[in-house]
Structures are given as C-alpha cells and as structure tokens.
Undergrad: 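Below is a structure I'd like to ask you about.
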Amino acid sequence: MAEATNALWAGRFSEAIADLAHRFSSSIALDGKLWREDIRGSIAHARMLGRTGIIDVHESDQIIAGLEVIAKEIESGVFQFDASMEDVHLAIEQRLTEQIGSVGGKVHTGRSRNDQIALDERLYLKRVLPNLNAGLSALIQQLLQIAEQHIDSLMPGYTHLQRAQPVLLSHHLLAYVEMFGRDIERLSDCIRRIDRSPLGAAAFAGTSYPLDRERTATELGFSSVLRNSIDAVSDRDYLIETVSVCSIIMMHLSRMADELVIWSTKEFGYATMSDSVTTGSSIMPQKKNPDMAELTRGKVGRVYGALVNLLTTMKALPLAYNRDMQEDKQPMFDAVETTGDSLEMMAFLLRETTFHSEKMSAEVQNDLLTATEIADYLTRKGIPFREAHGITGNIVAYAIENHMALPTIPLGVLQGFSTHIESDLFEYLDPRRSVDEKRSAGSTNPVMVRAEIVRWKQQLS
Ligand code: ARG
C-alpha cells in the first residue's frame with residue numbers, strides 16, 4: 001500500500017520505502033486536518049497557473065473543478081484518509097489524478113510541499129485564531145458582568161496570599177480583564193505576521209515559472225507575500241509566536257483558576273461553584289470538587305510543553321526546509337485547541353460561580369487590613385512615614401495580642417501609642433473609607449473602577 005502515494009516522488013527510486021519507514025514518516029493522521037486549507041491553496045495556485053498562461057486555462061479549470069469535488073468528498077466522508085498515505089498534500093493530489101487523469105499532476109507546477117505546508121498552516125491559523133479572540137472577549141464580558149454586580153463589594157486584597165488591604169471585588173476582577181485585554185493585543189499582533197503568503201517560494205529557491213505570487217496571496221486573503229523564498233519555507237516563528245500567546249493566555253487562566261479553587265474552600269468561603277461544573281468523590285460522599293478549574297490549571301502544562309517542543313524542534317535547524325519541521329503540527333493543534341477550550345470553560349465556570357460578597361466584606365471588617373491607614377494618618381500629621389510605620393506596628397501587635405480588630409480598639413488605648421491620634425482616626429479605619437480615599441490613577445477607588453468598566457464595555461462593543 002505504501003507504494004501508492006510514494007509514486008508521486010518515486011521516479012529515482014528502484015525499491016519501495018520500508019513499511020516501518022513509511023509508518024514512521026507518515027503525517028496524514030495529523031495534517032489531514034488541514035485539508036480545507038490545502039485545497040483552497042491548490043485552487044488559488046491552479047487558477048494563477050491558468051491565468052498567467054503557465055498551464056492551459058482549461059486544464060486549470062479542470063483542476064479547480066476536481067479539487068472542488070474532492071472537498072465535497074472529504075466533507076461528506078466519501079473520501080477518507082488512511083494510513084497508507086504519506087501526507088495531506090500527496091493524498092489530495094493523488095485523488096485529483098484519479099479523478100481527472102494525469103492533468104491533475106499539473107497542479108504542482110512551480111510548487112513544492114515545502115511552501116504548501118507553510119501555506120496550509122498559515123491559512124489554518126488565520127481561520128482559527130479569531131476564535132481565540134472571541135473566547136477572550138467573551139471571558140472579559142463575563143468578568144465585567146460580575147464586576148458590575150459586585151461593583152461596591154469589599155474584599156480583603158492579598159499579597160503573599162496574606163491579607164493586605166481592602167479592595168473592591170470589582171477591582172480585583174478587572175485585573176484579569178487587563179490581562180486578557182493584553183492577550184487580545186498580542187494575538188492580533190501575532191496574526192499580523194501570520195498574514196503573509198509563502199506560496200510561490202517553491203522548494204526554497206523560487207522557481208523559473210513566472211508565478212504571480214501577489215495574485216495567489218490576494219485570492220487567499222493574505223495582506224502581503226513573504227519576501228525571501230528561503231525564509232518562506234523555513235520560518236516557523238508564526239507557530240512559536242502563536243503558542244507563546246497561548247501559553248500566556250493559559251498562564252492567566254491558571255491564576256484565575258487557582259483563585260477560584262482557593263476561594264471555594266471552606267477555609268475561604270468566598271465562592272461556590274454550581275453542581276454543573278463540579279464533581280463528586282467516589283469514596284467521600286460530602287465532596288464537591290472544583291475539577292474544571294483544576295483541569296484548566298493542569299492544561300497549562302500541555303501548552304507550555306508545546307512551546308518548548310516547537311522551540312526545541314527549530315533550534316539549530318539549518319536552512320531551509322528540514323523534515324524535522326513536520327513535527328510542528330501536533331503542538332500547534334494541541335496548544336490552539338486546548339487554549340480555546342480552556343477559555344470557553346473558564347467563562348462558563350465564572351457564570352456558574354456565586355461570589356459571596358457578604359463573607360468577603362465581613363472578613364474585611366474584622367481584621368487589621370486598614371493598618372496602612374493609621375500609618376498614613378500619622379504621616380499626614382507630620383510624623384516621618386518610617387516612624388509612623390513603627391507606631392502602627394505596635395498598635396497591630398496590641399490588636400493581635402488582645403484578639404481585636406483595629407476599629408474596636410478604644411481611643412484611649414490608641415492615644416497611648418501616639419498623642420497625635422484623635423477620634424477622627426476611626427473614620428480612616430473603616431475599610432469602605434479606605435477604598436474611597438484611594439486617589440492615584442488605576443486604584444481601587446469605586447469611581448475609577450466604574451469608569452474602567454464603562455471604558456472596557458465601550459472598547460469591546
Ligand atoms: N509533510 C511535510 C511536513 O509537514 C510536508 C513537507 C514535506 N516536504 C518534503 N520535502 N518532504 O512538513
């Protein structure tokens with residue numbers, strides 16, 4: 001069986017490829033997924049060959065019609081790829097020749113599988129990456145909706161996962177909006193560089209046929225053509241960039257997933273996920289596990305793995321095309337699909353999560369989170385900040401020792417720590433006031449947070 005597809009390049013060979021070598025090198029199981037792109041690219045190439053007079057225009061029409069039939073055959077399952085085929089390019093060309101006769105072989109005039117595969121991958125990414133963009137936008141919309149619902153809810157903000165200062169839950173959620181917003185920017189920047197056609201570079205040196213590269217690029221929706229034929233077939237930066245963007249998206253998702261896991265513990269009690277996104281334990285009947293968030297966190301490893309895979313495959317490869325590069329498909333498909341699925345899952349998970357703002361706000365009230373306000377208060381009264389910090393530290397130590405929240409310490413006691421303290425300090429110890437008082441741009445001040453929500457909504461509409 002192996003001999004069938006080899007026939008397309010077997011002229012100089014007297015023996016057939018060993019079955020083992022065929023199995024080892026066949027990529028059809030992975031690149032078969034690129035059939036739409038492969039056929040689109042071949043149609044554009046054939047049309048250009050006909051219009052430029054490189055082949056007869058009727059032959060070009062025959063080839064195009066044949067390719068259109070094959071597309072329908074693949075779509076409907078009449079033509080299926082099997083393991084005897086080497087790759088998607090040869091499988092389709094061979095089918096074409098079966099259908100329209102030897103004229104089918106003219107489709108490969110002035111072309112190589114080297115420019116063909118680079119073209120297919122670029123077309124594929126141009127088709128699917130907008131889905132990631134849509135996934136990011138949907139996730140941002142979901143975050144904005146929750147931020148709006150909880151616009152004034154207080155929560156303890158953390159550094160080192162230790163309670164630090166009061167913030168608005170909405171402000172916390174908007175931090176994720178910023179991350180995913182940058183991901184959208186990175187993605188469109190990456191798409192800009194994918195959007196260049198390698199078709200016409202042929203094997204790597206170009207070809208003596210007067211191909212019209214601009215014409216095929218335009219028909220296929222590319223903004224421009226790659227300028228160096230060697231680079232056109234040997235570049236895989238576009239894959240590495242795509243998978244880096246995916247890795248950063250996954251890293252962001254993992255931070256959010258991890259917070260959801262932590263927040264839904266009994267210890268925190270800040271969030272509850274609905275039954276539709278949680279699972280039970282086969283042994284512990286009381287369990288309700290946040291598996292969707294954990295899996296998202298876990299899938300990051302796959303995507304980072306894909307990035308390292310591609311970087312390693314490309315490291316030190318001499319110019320131009322090398323067969324090593326065939327190994328690029330599995331990491332590309334897996335990273336893009338995993339990222340798309342994870343974005344969809346996290347938006348859904350957020351929708352299915354209840355945020356317990358009463359609990360968060362109770363935690364803010366009964367603690368030491370406004371200690372920084374005491375230091376700032378004393379500083380405003382002329383005490384150097386370092387000294388104010390020390391006095392406040394003593395007050396905090398007192399609160400801890402006596403199991404008290406800061407606002408419950410009597411004025412007389414506080415004045416024992418500093419004569420500058422007056423009764424107006426209590427206003428500053430109120431977490432709500434602390435949040436309202438924030439004045440620097442981008443802070444957790446509710447007026448600013450509201451304005452940010454409005455700005456993001458406008459930006460996305
Ligand atoms: N299946 C190959 C790949 O994915 C296509 C290019 C093969 N080129 C070659 N000269 N063998 O990279």
Side-chain angles (χ1 to χ4, degrees), residues 2-13 17 26-28 31-32 34-75 78-82 84-124 197-222 225-226 229 232-233 320-321 326:
E3 283 156 62
T5 44
N6 293 345
L8 294 176
W9 49 251
R12 59 103 70 213
F13 292 84
I17 190 169
S26 168
S27 58
I28 190 82
D31 62 27
L34 296 170
W35 66 267
R36 283 187 188 81
E37 286 69 31
D38 202 72
I39 289 179
R40 260 188 85 198
S42 291
I43 289 176
H45 184 66
R47 197 182 332 270
M48 180 277 296
L49 292 176
R51 297 299 182 274
T52 51
I54 297 171
I55 64 171
D56 184 89
V57 77
H58 299 294
E59 292 176 334
S60 145
D61 288 346
Q62 254 181 296
I63 292 171
I64 294 169
L67 288 165
E68 281 165 354
V69 170
I70 296 173
K72 290 205 184 79
E73 285 182 342
I74 299 175
E75 188 92 69
V78 170
F79 175 45
Q80 284 174 355
F81 299 128
D82 67 57
S84 75
M85 300 164 183
E86 184 178 320
D87 61 27
V88 66
H89 324 296
L90 295 181
I92 290 173
E93 187 183 328
Q94 189 185 316
R95 182 70 174 173
L96 183 64
T97 307
E98 277 167 21
Q99 297 225 337
I100 65 171
S102 63
V103 65
K106 293 200 177 185
V107 69
H108 214 51
T109 311
R111 191 177 65 166
S112 157
R113 281 183 291 158
N114 299 350
D115 58 344
Q116 204 174 348
I117 185 60
L119 175 70
D120 292 1
E121 289 183 333
R122 285 174 186 266
L123 285 173
Y124 173 80
S197 171
L199 187 60
F204 75 104
T207 163
S208 53
Y209 294 105
L211 303 180
D212 187 345
R213 293 190 60 203
E214 293 288 346
R215 186 190 170 104
T216 45
T218 306
E219 172 167 344
L220 293 169
F222 284 102
V225 298
L226 287 160
S229 61
V233 299
Y321 177 83
Q326 176 168 294

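What's counted below: heavy atoms across the whole structure, side chains too, no hydrogens, waters or symmetry copies.
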Undergrad: Using every non-hydrogen atom in the two residues, find where Ala46 and Ser60 come nearest and quote the distance to one decimal.
TA: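 What the structure gives for the nearest pair is O-OG, 3.1 Å.
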Undergrad: Can you sort out the partners of Arg111 under side-chain hydrogen bond (donor to acceptor under 3.5 Å, both in side chains), two or more places apart, ordered by chain and number?
TA: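 Listed in chain order: Ser42, His108.
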Undergrad: Indicate yes or no: at least one non-hydrogen side-chain atom of Leu90 is less than 4.5 angstrom from one of Trp9.
TA: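 Of all side-chain heavy-atom pairs linking Trp9 with Leu90, at least one is under 4.5 Å.
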Undergrad: Please walk me through it: do Arg213 and Leu226 pass side chain to side chain contact (heavy atoms under 4.5 Å, CB included)?
TA: CA-CA 9 Å; Arg213 293 190 60 203; Leu226 287 160; 4.3 Å; yes
Undergrad: Would you call Arg40 and Glu219 a salt bridge, taking side-chain N to carboxylate O under 4.0 Å as the test?
TA: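 Salt bridge: no.
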Undergrad: Please examine the side chains of Phe222 and Leu123, heavy atoms only from C-beta on, and report whether any two atoms are closer than 4.5 Å.
TA: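 Yes, at least one pair of side-chain atoms sits under 4.5 Å.
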Undergrad: Rounded to the nearest 0.5 Å, what separation is found between the CG atom of Asp82 and the CD atom of Gln80?
TA: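 Between Asp82 CG and Gln80 CD, I get 9.0 Å after rounding to 0.5 Å.
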Undergrad: Give the intermediate values and the outcome of side chain to side chain donor-acceptor pair (under 3.5 Å) for residues Glu73 and Gln99.
TA: CA-CA 12 Å; Glu73 285 182 342; Gln99 297 225 337; 2.7 Å; yes
Undergrad: Can you tell me how far CD1 of Ile28 sits from OG of Ser26, rounded to the nearest 0.5 angstrom?
TA: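 These two atoms lie 6.5 Å from each other.
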Undergrad: Please name the pair of heavy atoms, one in Ile92 and one in Ile39, separated by the smallest distance, quoted to 0.1 Å.
TA: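 Heavy atoms of Ile92 and Ile39 come nearest at CD1-CG1, 3.7 Å.
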Undergrad: Under the side chain to side chain contact (heavy atoms under 4.5 Å, CB included) criterion, do Ile117 and Leu34 qualify, and how do the steps go?
TA: CA-CA 9 Å; Ile117 185 60; Leu34 296 170; 3.9 Å; yes
Undergrad: Which value, rounded to the nearest 0.5 Å, describes the distance between Thr52 atom OG1 and Arg215 atom CZ?
TA: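 With rounding to 0.5 Å, OG1 (Thr52) is 8.0 Å from CZ (Arg215).
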Undergrad: Could you work out, with side-chain contact (heavy atoms from CB on, under 4.5 Å) as the rule, every residue matching Glu98, not counting sequence neighbours?
TA: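 Once residues adjacent in sequence are excluded, the partners of Glu98 under the side-chain contact (heavy atoms from CB on, under 4.5 Å) criterion are Gln94, Arg95.
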Undergrad: Could you give me the CA-CA distance, side-chain angles and deciding distance for Arg36 and Glu75, then say whether salt bridge (charged side-chain N to carboxylate O under 4.0 Å, His left out) is met?
TA: CA-CA 9 Å; Arg36 283 187 188 81; Glu75 188 92 69; 3.6 Å; yes
Undergrad: Donor-acceptor check, side chain of Ser229 to backbone of Phe204, threshold 3.5 angstrom: yes or no?
TA: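 Side chain of Ser229 to backbone of Phe204: a pair is present.
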Undergrad: Knowing that exactly one of Leu220, Ile63, Asp38, Ile64 qualifies, which makes a side chain to side chain contact (heavy atoms under 4.5 Å, CB included) with Ile43?
TA: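 With Ile43 as partner, side chain to side chain contact (heavy atoms under 4.5 Å, CB included) holds for just one option, Ile64.
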Undergrad: Can you tell me how far NZ of Lys106 sits from CD1 of Ile100, rounded to the nearest 0.5 angstrom?
TA: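 The CD1 atom of Ile100 sits 10.5 Å away from the NZ atom of Lys106.
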Undergrad: Report yes or no: does Thr207 contribute a side-chain atom to a donor-acceptor pair with the main-chain N or O of Ala202 at less than 3.5 Å?
TA: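 Checking the backbone N and O of Ala202 against the side chain of Thr207, no donor-acceptor pair under 3.5 Å is found.
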Undergrad: With a 4.5 Å cut-off on side-chain heavy atoms, are Val233 and Pro198 touching?
TA: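 No. Closest side-chain heavy atoms not under 4.5 Å.
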Undergrad: Does any non-hydrogen side-chain atom of Val107 lie less than 4.5 Å from one of Glu93?
TA: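 They are in contact (side-chain heavy atoms under 4.5 Å apart), so the answer is yes.
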Undergrad: Measure across Ala232 and Ala201 and return the closest heavy-atom pair with its distance rounded to 0.1 Å.
TA: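 That would be CB-CB, 3.7 Å.
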Undergrad: Which pair of heavy atoms, one from Leu96 and one from Leu67, lies closest together, and at what distance?
TA: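 Looking at all heavy atoms of both residues, the closest pair is CD1-N, 3.8 Å.
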Undergrad: What do the steps show when you test Trp35 against Ile70 for side chain to side chain contact (heavy atoms under 4.5 Å, CB included), and what is the final call?
TA: CA-CA 10 Å; Trp35 66 267; Ile70 296 173; over 6 Å; no
Undergrad: Please say whether more than 12 non-hydrogen atoms of neighbouring residues, nucleotides or ligands are located less than 6.0 Å from CZ in Phe79.
TA: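 Enclosed.
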Undergrad: A side-chain contact here means heavy atoms from C-beta on lying under 4.5 Å apart; do His89 and Asp120 qualify?
TA: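 In contact.
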Undergrad: Tell me, with the steps shown, if Glu214 and Val225 meet side chain to side chain contact (heavy atoms under 4.5 Å, CB included).
TA: CA-CA 7 Å; Glu214 293 288 346; Val225 298; 3.9 Å; yes
Undergrad: Could you tell me the separation between the CG atom of Leu49 and the OG1 atom of Thr216, rounded to the nearest 0.5 Å?
TA: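 Between atom CG of Leu49 and atom OG1 of Thr216 there are 9.0 Å.
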Undergrad: Would a distance-only check, ignoring hydrogens and angles, find a side-chain to backbone donor-acceptor pair under 3.5 Å from Asp31 to Val88?
TA: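 Checking the backbone N and O of Val88 against the side chain of Asp31, a donor-acceptor pair under 3.5 Å is found.
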Undergrad: Quick one: list whatever passes side-chain hydrogen bond (donor to acceptor under 3.5 Å, both in side chains) with Arg113, sequence neighbours left out.
TA: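 side-chain hydrogen bond (donor to acceptor under 3.5 Å, both in side chains) list for Arg113, sorted by chain: Glu86, Asp87.
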Undergrad: Restricting to non-hydrogen atoms, name the atom on His45 and the atom on Leu211 that form the minimum distance, rounded to 0.1 Å.
TA: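 Looks like CE1-CD2, 4.1 Å.
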Undergrad: Taking the side chain as C-beta and beyond, is there a heavy-atom pair between Thr109 and Ile55 under 4.5 Å?
TA: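 Of all side-chain heavy-atom pairs linking Ile55 with Thr109, at least one is under 4.5 Å.
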Undergrad: On a heavy-atom basis, which atom in Asp115 and which in Gly200 lie closest, and how many Å separate them?
TA: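 What the structure gives for the nearest pair is OD2-N, 3.0 Å.
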